[in-house]
Amino acid sequence: MAAAPKHIPVMLNEVLHYLKPQDGEVYVDATFGNGGYTEAVLQAADCKVIAIDRDPTVLPRVQELKEKYGDRFAFCQGQFGDIKELITEPVNGVMFDIGVSSMQLDQAERGFSFAKDAPLDMRMSCQGMTAAQLVNDTPEKELADLIYKYGEERKSRQIAAKITEYRKTKEIATTKELAEIIYTVIHKTPNSIDPATRTFQALRIAVNNELGELESGLQGAVDVTASGGRIVVVSFHSLEDRIVKTFFKENTGKNTHVSRYRPELPNQQDSAVLAECSKAIMPTQNETETNSRSRSAKLRCAVKK
């Protein structure tokens, strides 16, 4: 029997470099997944990690790390958008790995991937509205807008029209059914991105409210992080990265232009909560060649004032 594929944390060396784990400190892994970042931080310093994940299938891995690291590891089941409610102590750093995990993609029955025929589910928490309910019940214009907004798909109108036409006679139940509908609008071509990629991304983001969670999670991370603490975010597409970049810039005050010719106003208050933020850091060429998931990754870091 072949061994299960190894889940490789993306930009792990860079995450450790910017998080700077220290003995005696406390860190949050806001997107636990298979625990790659968590375990690397626990090995890097005699510190504590509190992990968060909404996915109940991670619990066996949680138990494994609890047995290995004892009180140095704690777990909260929930959404990282609720980090401020879940984390009740000041922490020295928070790390995020945004989006679907390779574990979820590899579990065909979860319905995240069009590469495997499965029920059209896509729920990270295994609760709530499924992607099948979304594509079958959403009005055509609203569905087209959703695919365009979250998938940046230029042919969203044609895809929504084809979905609407198909579901008049039969509900769309599987990943293969949906992908085949998309292929009638955008034909597959060799050596190019699969035409279903953007639509599947859009549905996954909508089902899991991923962008709303990210905005709430970033604000919550700032609130729970102590002065001098670090917030490290790895994102995988432009919608996520744009939110992170904007949030960090707005909270360091770097988007405000001050004229050198205008005298400084007396008693002017500095409302910035972050001392500094990095530009986007990309994975190394070696990593992109050995771990295909890293190819679209960007890392950004900010330091709390």
Between Lys48 and Asp71, is there a side-chain N and carboxylate O pair less than 4.0 Å apart? no

Between Arg242 and Glu152, does any side-chain N to carboxylate O distance fall below 4.0 Å? yes

Checking side-chain polar atoms at under 3.5 Å, does [X] have a donor or acceptor matched by the opposite partner on [Y]?
{"X": "Glu210", "Y": "Tyr150", "answer": "no"}
{"X": "Asp55", "Y": "Thr57", "answer": "yes"}
{"X": "Thr252", "Y": "Glu276", "answer": "no"}
{"X": "Gln219", "Y": "Glu215", "answer": "no"}

Within 6.0 angstrom of [X] [atom1], more than 12 heavy atoms from elsewhere:
{"X": "Lys170", "atom1": "NZ", "answer": "yes"}
{"X": "Glu85", "atom1": "CD", "answer": "yes"}
{"X": "Glu89", "atom1": "CD", "answer": "yes"}
{"X": "Lys149", "atom1": "NZ", "answer": "no"}
{"X": "Lys298", "atom1": "NZ", "answer": "no"}

So, [X] side chain and [Y] main chain: donor-acceptor pair closer than 3.5 Å or not?
{"X": "Ser235", "Y": "Glu240", "value": "no"}
{"X": "Arg167", "Y": "Val135", "value": "yes"}
{"X": "Thr197", "Y": "Ile193", "value": "no"}
{"X": "Asn92", "Y": "Gly229", "value": "no"}
{"X": "Ser227", "Y": "Lys305", "value": "yes"}
{"X": "Arg72", "Y": "Lys66", "value": "no"}
{"X": "Ser192", "Y": "Thr189", "value": "yes"}
{"X": "Thr174", "Y": "Glu177", "value": "yes"}

Is [X] linked to [Y] within one hydrophobic cluster, defined over Ile, Leu, Val, Met, Phe, Trp and Tyr using a side-chain heavy-atom separation of less than 4.5 Å?
{"X": "Ile147", "Y": "Tyr166", "value": "yes"}
{"X": "Val94", "Y": "Val26", "value": "yes"}
{"X": "Val303", "Y": "Val232", "value": "no"}
{"X": "Tyr37", "Y": "Tyr69", "value": "yes"}
{"X": "Val185", "Y": "Leu146", "value": "yes"}

Where do [X] and [Y] come nearest, in terms of heavy atoms and distance?
{"X": "Phe73", "Y": "Val62", "answer": "CE2-O, 3.5 Å"}
{"X": "Lys141", "Y": "Arg157", "answer": "O-NH1, 3.9 Å"}
{"X": "Phe236", "Y": "Ile98", "answer": "CD1-O, 3.1 Å"}
{"X": "Gln22", "Y": "Cys47", "answer": "O-CB, 3.5 Å"}
{"X": "Phe248", "Y": "Cys277", "answer": "CB-CB, 3.8 Å"}
{"X": "Thr288", "Y": "Pro283", "answer": "CG2-CG, 3.7 Å"}

After noting the C-alpha distance and the side-chain angles of Lys68 and Glu39, does the key distance pass the salt bridge (Lys or Arg N to Asp or Glu O under 4.0 Å) rule? CA-CA 10 Å; Lys68 189 171 183 180; Glu39 186 155 32; 2.7 Å; yes

Do Asp223 and Lys304 pass the salt bridge (Lys or Arg N to Asp or Glu O under 4.0 Å) test, and can you show the C-alpha distance, the side-chain angles, and the key distance before you say yes or no? CA-CA 9 Å; Asp223 292 340; Lys304 178 81 175 281; over 6 Å; no

Under the criterion side chain to side chain contact (heavy atoms under 4.5 Å, CB included), I'd like the reasoning laid out for Lys162 against Ile182: C-alpha separation, chi angles, the key distance, then a yes or no. CA-CA 8 Å; Lys162 286 287 186 181; Ile182 296 165; over 6 Å; no

Under the side chain to side chain contact (heavy atoms under 4.5 Å, CB included) rule, what do Val233 and Leu299 come out as? Steps first, then yes or no, please. CA-CA 6 Å; Val233 186; Leu299 181 150; over 6 Å; no

May I ask you to test the [X]-[Y] pair for a side-chain heavy-atom distance under 4.5 Å?
{"X": "Tyr27", "Y": "Thr38", "result": "no"}
{"X": "Val41", "Y": "Leu16", "result": "yes"}
{"X": "Asp29", "Y": "Ile50", "result": "no"}
{"X": "Val207", "Y": "Thr130", "result": "no"}
{"X": "Val10", "Y": "Asn291", "result": "yes"}
{"X": "His237", "Y": "Ile205", "result": "yes"}
{"X": "Ile186", "Y": "Glu153", "result": "yes"}
{"X": "Ile163", "Y": "Ile159", "result": "yes"}

I would like to know whether Phe200 and Asp194 meet side chain to side chain contact (heavy atoms under 4.5 Å, CB included); could you show each step before the answer? CA-CA 10 Å; Phe200 270 67; Asp194 191 291; over 6 Å; no

Report the distance from atom [atom1] of [X] to atom [atom2] of [Y], rounding to the nearest 0.5 Å.
{"X": "Leu19", "Y": "Glu25", "atom1": "CG", "atom2": "CD", "answer": "9.0 Å"}
{"X": "Glu250", "Y": "Leu274", "atom1": "CD", "atom2": "CG", "answer": "11.0 Å"}
{"X": "Gln79", "Y": "Leu86", "atom1": "CD", "atom2": "CG", "answer": "9.0 Å"}
{"X": "Phe75", "Y": "Leu65", "atom1": "CZ", "atom2": "CG", "answer": "10.5 Å"}
{"X": "Thr184", "Y": "Ile181", "atom1": "OG1", "atom2": "CD1", "answer": "7.0 Å"}
{"X": "Ser294", "Y": "Glu289", "atom1": "OG", "atom2": "CD", "answer": "9.5 Å"}

Test log, rule salt bridge (Lys or Arg N to Asp or Glu O under 4.0 Å), inputs Asp53 and Arg61: CA-CA 12 Å; Asp53 208 300; Arg61 176 65 168 150; over 6 Å; no

Side chain to side chain contact (heavy atoms under 4.5 Å, CB included) assessment of Glu213 paired with Arg54: CA-CA 12 Å; Glu213 283 291 303; Arg54 65 169 97 179; 3.5 Å; yes

Which of these passes side chain to side chain contact (heavy atoms under 4.5 Å, CB included) with Arg300: Asp241, Ile281, Val234? Asp241

Face-on cation placement of Arg230 at Tyr18 ring, 6.0 Å and 45° thresholds: no

